[in-house]
Student: 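Pasting a structure below so you can have a look.
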There are 2 protein chains.
Amino acid sequence: MSADLPKDRAPSIRDVARLAGVSHQTVSRVLNDHPSIRETTKARILQVMEELQYRPNQAARALSKGHSRTIGVLTASSAQYGPARSVAAIEDAARRQGYFVDTANLSVADPAAIEDALEHLLDQAVEGLVIIAPQERVFDVLERLDIAVPYVSLQSTGKHDLRELAADQILGAKMATRHLIDLGHREIVHLAGPQDWNEAEARMRGFLLEIDDADLMTHPPILGDWTADFGYFAGQELLRSRDFSAVFAANDEMALGLLHALHDARLSVPGDVSVVGFDDVPVASHSWPPLTTIHQDFDGIGRLAFATLLREMGTGVDVPTAPIAPRLVVRGSTGPVPVSRLPLLKRY
Amino acid sequence: MSADLPKDRAPSIRDVARLAGVSHQTVSRVLNDHPSIRETTKARILQVMEELQYRPNQAARALSKGHSRTIGVLTASSAQYGPARSVAAIEDAARRQGYFVDTANLSVADPAAIEDALEHLLDQAVEGLVIIAPQERVFDVLERLDIAVPYVSLQSTGKHDLRELAADQILGAKMATRHLIDLGHREIVHLAGPQDWNEAEARMRGFLLEIDDADLMTHPPILGDWTADFGYFAGQELLRSRDFSAVFAANDEMALGLLHALHDARLSVPGDVSVVGFDDVPVASHSWPPLTTIHQDFDGIGRLAFATLLREMGTGVDVPTAPIAPRLVVRGSTGPVPVSRLPLLKRY
DNA sequence: TGCTCGCATGTGCACGGTCACAATTGTGAG
DNA sequence: CTCACAATTGTGACCGTGCACATGCGAGCA
């Protein structure tokens with residue numbers, strides 16, 4: 001029990017074998033829970049492992065077995081609440097299943113950067129990809145590179161089958177719009193996200209569908225960039241011609257910026273203008289007034305993404321999944337259409 | 001040029017060698033930029049690689065060379081703006097240097113979960129660790145496990161030398177407090193973060209130091225949990241006894257929750273109460289009123305963390321680093337102390 | 001011409017696991 | 001006690017790459 005440490009290297013399976021007086025293969029069997037091993041042998045080996053602080057070498061295992069047990073996550077703007085939350089959920093779910101997660105974040109989204117990030121992930125021999133940068137350009141690059149591994153996107157590309165999530169976005173947007181219509185609003189403006197994001201496009205589609213259903217007119221949506229700053233400036237712009245009584249913003253940040261602009265203009269929310277956001281970020285309930293918004297279960301979406309990927313990867317493991325439904329959370333930023341805006345002029 | 005694909009496996013260095021009519025070692029030399037290779041040979045090999053879509057197997061490389069070129073990032077609450085931002089910056093910097101980043105997120109911070117997450121990272125044979133979960137418990141576990149790899153923390157533990165960042169936190173807190181004192185406030189309350197976070201503790205220390213310097217009294221700080229919800233409830237609590245004219249919140253989220261509570265109570269900010277936050281999250285400039293806060297360069301902190309880790313890991317690479325300074329951003333949530341609160345009572 | 005030297009390239013093994021297959025031991029029936 | 005068969009364990013090759021150590025070859029020099 002004293003001629004333990006042969007080298008300065010980390011102990012290997014053979015070191016354990018030697019000390020336990022068995023062959024390396026027997027040790028390997030312990031590692032892989034092989035059924036036919038004598039209990040006493042197993043116990044002895046486990047004890048030696050403990051003594052040596054043995055830790056299996058994943059690289060060697062990956063090399064030998066031909067898989068890496070690693071998935072890649074490609075994100076854009078991973079500092080935003082929603083994506084960050086989903087990434088955390090994916091990471092958690094993956095770890096639970098013994099998978100490693102390698103991430104690549106896109107700071108800029110030109111094709112070169114996208115390709116660079118994807119190459120980085122593929123270098124790691126990832127077995128699957130989660131795309132949280134649902135921009136068309138990304139899918140273009142994915143197709144061009146002819147990726148060999150399965151991937152899922154947090155939004156539908158129209159080419160894959162994560163439709164639940166896509167329906168989500170559309171449905172959520174419809175719910176938000178419906179809410180405003182139910183309150184009597186007839187002049188509703190949409191502050192949209194960048195249209196190269198499928199997500200933004202889906203929300204806009206939901207909005208337009210609902211507007212159409214109600215036989216209403218609307219301005220062409222304002223195309224924003226998700227940021228509160230943009231919401232603020234868009235608000236200033238909108239206020240030049242006050243021909244609306246409600247705004248549906250494609251995310252909470254823009255909605256909050258918009259609220260700021262409305263405050264600056266001494267307008268009352270919801271007295272003069274109603275505002276709905278999307279996402280339900282944690283501060284949404286503490287703005288002034290608290291923001292009516294569409295709640296998304298980002299954790300659930302992340303888990304679902306990983307579960308779906310696992311299925312796509314054809315592992316035996318099949319984690320049960322439930323579709324994710326958006327939810328309208330009514331707070332203080334929406335109210336009945338102001339009297340001055342009742343559809344009198346439209347009546348005759 | 002037709003008997004290309006020998007198997008269904010991914011092409012290996014030997015496949016390339018065979019098609020290029022050289023030995024596998026020569027191919028390896030091309031991969032590693034060995035100086036003595038004839039240009040023509042190199043060109044030929046590169047072309048074959050291109051044809052075969054050859055991609056070096058990182059697992060094999062890791063096994064052979066004995067290193068993984070992977071670093072681990074342990075985070076808590078990675079969905080918060082600051083940490084998320086820093087993680088993205090670390091990932092970006094690491095990728096630039098050819099490193100992979102494996103993350104583990106702590107949803108709960110009990111020792112078992114911490115150990116679990118660390119084990120996961122160590123299983124991947126990470127060569128270094130970045131800790132963004134600066135809770136004492138984490139360091140306890142780190143010491144207990146007797147981790148063999150270097151690690152850096154985004155906050156000082158008092159045992160390592162990332163003092164710049166720690167000084168940052170203290171300095172930032174002092175700046176925030178000083179700002180309030182300069183405006184004439186004498187009754188300042190601190191809404192602190194959870195004290196098992198070194199970060200929160202440092203901010204509180206900065207606050208107390210500055211209070212002490214100015215010979216002021218203060219309540220024992222209220223210990224929060226970083227969330228806007230807590231800020232809201234703390235505000236309600238504080239308002240029972242209105243014996244303060246200013247609040248310094250340890251982060252923006254709590255500050256925003258506090259603003260909400262103040263609005264609910266029909267108090268004016270900064271007319272009745274001044275509020276300072278910490279972090280300068282993107283929505284901070286769009287709250288009502290816009291939040292005065294301490295700006296932190298999260299990207300810079302992330303980059304610095306990776307650069308420091310690289311140095312600790314003893315790689316030749318030494319990325320130049322610059323210390324990170326916090327910055328006071330004065331917006332609308334702070335103003336002169338209200339007349340009703342001038343230190344009359346304290347004068348005699 | 002013969003020798004040394006340096007560049008360009010090849011040979012064989014190690015890295016730490018797993019797999020396929022062989023070998024050994026143990027068990028119960030005849 | 002012997003044999004068939006199952007349970008347990010051992011042997012050697014292989015995964016893809018890099019390293020140490022040849023080897024071949026042409027140039028420079030005596």
Side-chain angles (χ1 to χ4, degrees), chain A residues 5-46 48-49 52-70 98 100 122-125 127, chain B residues 5-46 48-49 52-70 98 100 122-125 127:
Chain A
L5 304 170
K7 335 258 156 75
D8 52 346
R9 304 188 332 273
S12 82
I13 201 177
R14 290 168 216 266
D15 296 324
V16 175
R18 185 154 28 77
L19 261 74
V22 296
S23 77
H24 64 103
Q25 175 58 3
T26 303
V27 177
S28 172
R29 288 195 179 93
V30 172
L31 287 177
N32 295 284
D33 274 325
H34 190 94
S36 61
I37 286 208
R38 211 192 307 271
E39 272 308 318
T40 56
T41 313
K42 182 169 179 176
R44 184 154 36 98
I45 291 174
L46 285 174
V48 174
M49 284 180 175
L52 254 49
Q53 296 244 51
Y54 169 76
R55 196 180 283 284
N57 180 322
Q58 296 294 333
R61 181 172 291 184
L63 177 58
S64 171
K65 305 243 283 192
H67 60 44
S68 61
R69 286 284 175 271
T70 299
F100 299 96
L122 293 174
D123 279 349
Q124 188 71 310
E127 293 169 32
Chain B
L5 304 170
K7 335 259 157 75
D8 54 344
R9 305 188 330 273
S12 82
I13 203 177
R14 290 172 213 265
D15 296 324
V16 175
R18 185 153 28 75
L19 261 75
V22 295
S23 76
H24 69 101
Q25 176 59 3
T26 303
V27 178
S28 173
R29 286 193 179 96
V30 171
L31 288 177
N32 294 285
D33 272 325
H34 190 93
S36 60
I37 287 206
R38 210 193 309 270
E39 272 309 316
T40 57
T41 312
K42 182 169 178 177
R44 184 155 34 98
I45 291 173
L46 285 175
V48 174
M49 284 180 174
L52 255 49
Q53 295 244 54
Y54 169 76
R55 196 178 283 284
N57 181 320
Q58 296 293 333
R61 182 172 289 186
L63 177 58
S64 174
K65 304 243 285 192
H67 59 42
S68 62
R69 286 283 174 274
T70 299
F100 299 97
L122 292 174
D123 279 348
Q124 187 71 310
E127 293 169 31

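Letters A, B, ... mirror the listed sequences (proteins, then strands); counts begin at 1.
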Student: With nearest nucleotides of DNA chain D determined for A:Arg14 and A:Lys42 from heavy-atom distances, which residue corresponds to the more 5′ nucleotide?
Tutor: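 The residue closer to the strand's 5' end, by nearest nucleotide, is A:Lys42.
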Student: Check the distance between C:dT18's P and A:Asp33's CG and give it to me in whole angstrom.
Tutor: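 About 12 Å, once rounded to whole Å.
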Student: Under the side chain to side chain contact (heavy atoms under 4.5 Å, CB included) rule, collect the residues that match up with B:Leu31, sequence neighbours excluded.
Tutor: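 Partners of B:Leu31 by the side chain to side chain contact (heavy atoms under 4.5 Å, CB included) criterion, ordered by chain and then number, come out as B:Ile13, B:Met49, B:Tyr54, B:Pro56, B:Arg61.
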Student: Establish, with yes or no, whether the OP1 or OP2 oxygen of C:dC15 is under 4.0 angstrom from a side-chain nitrogen or oxygen of A:Ser12.
Tutor: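 For A:Ser12, the contact criterion (side-chain N or O under 4.0 Å from OP1 or OP2 of C:dC15) is not met.
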Student: Measuring from the side chain of B:Leu63 (C-beta onward, heavy atoms only), which nucleotide among D:dG10, C:dC15, D:dG18 has the closest atom?
Tutor: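 Taking heavy atoms from C-beta onward, the closest nucleotide is C:dC15.
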Student: So for A:Ser36 and D:dT8, does any side-chain atom that can act as donor or acceptor lie under 3.5 Å from a complementary atom in the base?
Tutor: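 It does not, because no donor-acceptor pair links the side chain of A:Ser36 to the base of D:dT8 below 3.5 Å.
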Student: What is the distance, rounded to the nearest whole Å, between atom CG of A:Asn57 and atom C1' of D:dG16?
Tutor: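 Those two atoms, CG and C1', are 14 Å apart.
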Student: Going by heavy atoms in the side chains, are B:Gln58 and B:Phe100 under 4.5 Å from each other?
Tutor: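 Yes, their side chains come closer than 4.5 Å.
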Student: Could you check A:Gln25 against A:Arg38 and say which one's nearest nucleotide on DNA chain C is further toward the 5' end?
Tutor: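 Nearest nucleotide further toward 5': that of A:Gln25.
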Student: Closest-nucleotide mapping onto DNA chain C: is A:Arg29 or A:Ala59 further toward the 5' terminus? I mean the 5' end.
Tutor: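 Looking at DNA chain C, the more 5' nearest nucleotide goes with A:Ala59.
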Student: Would you classify A:Val22 as touching base, sugar-phosphate or nothing, given that sugar-phosphate means primed atoms plus P, OP1 and OP2, and contacts are heavy atoms under 4.0 Å?
Tutor: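 Contact class for A:Val22: sugar-phosphate only.
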Student: Report the nucleotide, chosen from D:dG16, C:dT11, C:dG17, that has the shortest atom-to-atom distance to any side-chain atom of A:Ile13.
Tutor: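 Nearest to the side-chain atoms of A:Ile13, counting from C-beta on, is C:dG17.
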Student: Is there side-chain contact between B:Asp33 and B:Lys42, with heavy atoms separated by less than 4.5 Å?
Tutor: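 Answer yes - side chains close enough.
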Student: May I have the distance from B:Leu52 (atom CG) to D:dG16 (atom P), rounded to whole angstrom?
Tutor: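 In whole Å, D:dG16 P lies 13 Å from B:Leu52 CG.
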Student: Separation of B:Lys65 atom NZ from D:dA20 atom C1', in whole Å?
Tutor: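 These atoms are roughly 15 Å apart.
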Student: What is the separation between atom NE2 on B:His67 and atom C1' on D:dC19, rounded to the nearest whole Å?
Tutor: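 My rounded result for the distance is 13 Å.
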Student: So does A:Arg61 reach the base of C:dT18 with its side chain, donor to acceptor, closer than 3.5 Å?
Tutor: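 Per atom types, no contact qualifies.
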Student: Please confirm whether the shortest side-chain N or O distance from A:Ser28 to OP1 or OP2 of C:dT18 is below 4.0 Å.
Tutor: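 Checking C:dT18 against A:Ser28, a side-chain N or O does come within under 4.0 Å of OP1 or OP2.
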Student: In whole angstrom, what separates B:Gln58's CD from D:dG18's C1'?
Tutor: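 From B:Gln58 CD to D:dG18 C1': 13 Å.
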Student: Looking at the side chain of A:His24, which of C:dG10, D:dA13, C:dG16 is the nearest nucleotide?
Tutor: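 Of the options given, the side chain of A:His24 lies nearest D:dA13.
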Student: Are A:Pro11 and A:Gln53 close enough that some pair of their side-chain heavy atoms sits under 4.5 Å apart?
Tutor: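 In short, these two side chains do not touch, never coming nearer than 4.5 Å.
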Student: So, does A:Thr26 get its side chain near the phosphate of D:dG10, meaning an N or O under 4.0 Å from OP1 or OP2?
Tutor: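 Result: yes.
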Student: Could you tell me the separation between the NE2 atom of A:His34 and the P atom of C:dG17, rounded to a whole number of Å?
Tutor: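 Checked: the NE2 to P distance equals 18 Å.
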Student: Quickly work out the A:Arg9 CZ to C:dA14 P distance and round it to whole Å.
Tutor: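 Rounded to whole Å, this separation is 12 Å.
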Student: Hey, are the side chains of A:Arg29 and A:Ile45 touching, using non-hydrogen atoms and a 4.5 Å cut-off?
Tutor: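 Side chain of A:Arg29 against side chain of A:Ile45, heavy atoms only: no contact under 4.5 Å found.
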Student: On a heavy-atom basis, which atom in A:Arg55 and which in B:Asp123 lie closest, and how many Å separate them?
Tutor: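 So the minimum-distance heavy-atom pair works out to NH1-OD1, 3.1 Å.
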Student: Where the side chain of A:Ser64 is defined as all heavy atoms beyond and including C-beta, which of D:dC15, D:dG18, D:dT17 is the nearest nucleotide?
Tutor: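 In terms of side-chain proximity for A:Ser64, the closest of D:dC15, D:dG18, D:dT17 is D:dC15.
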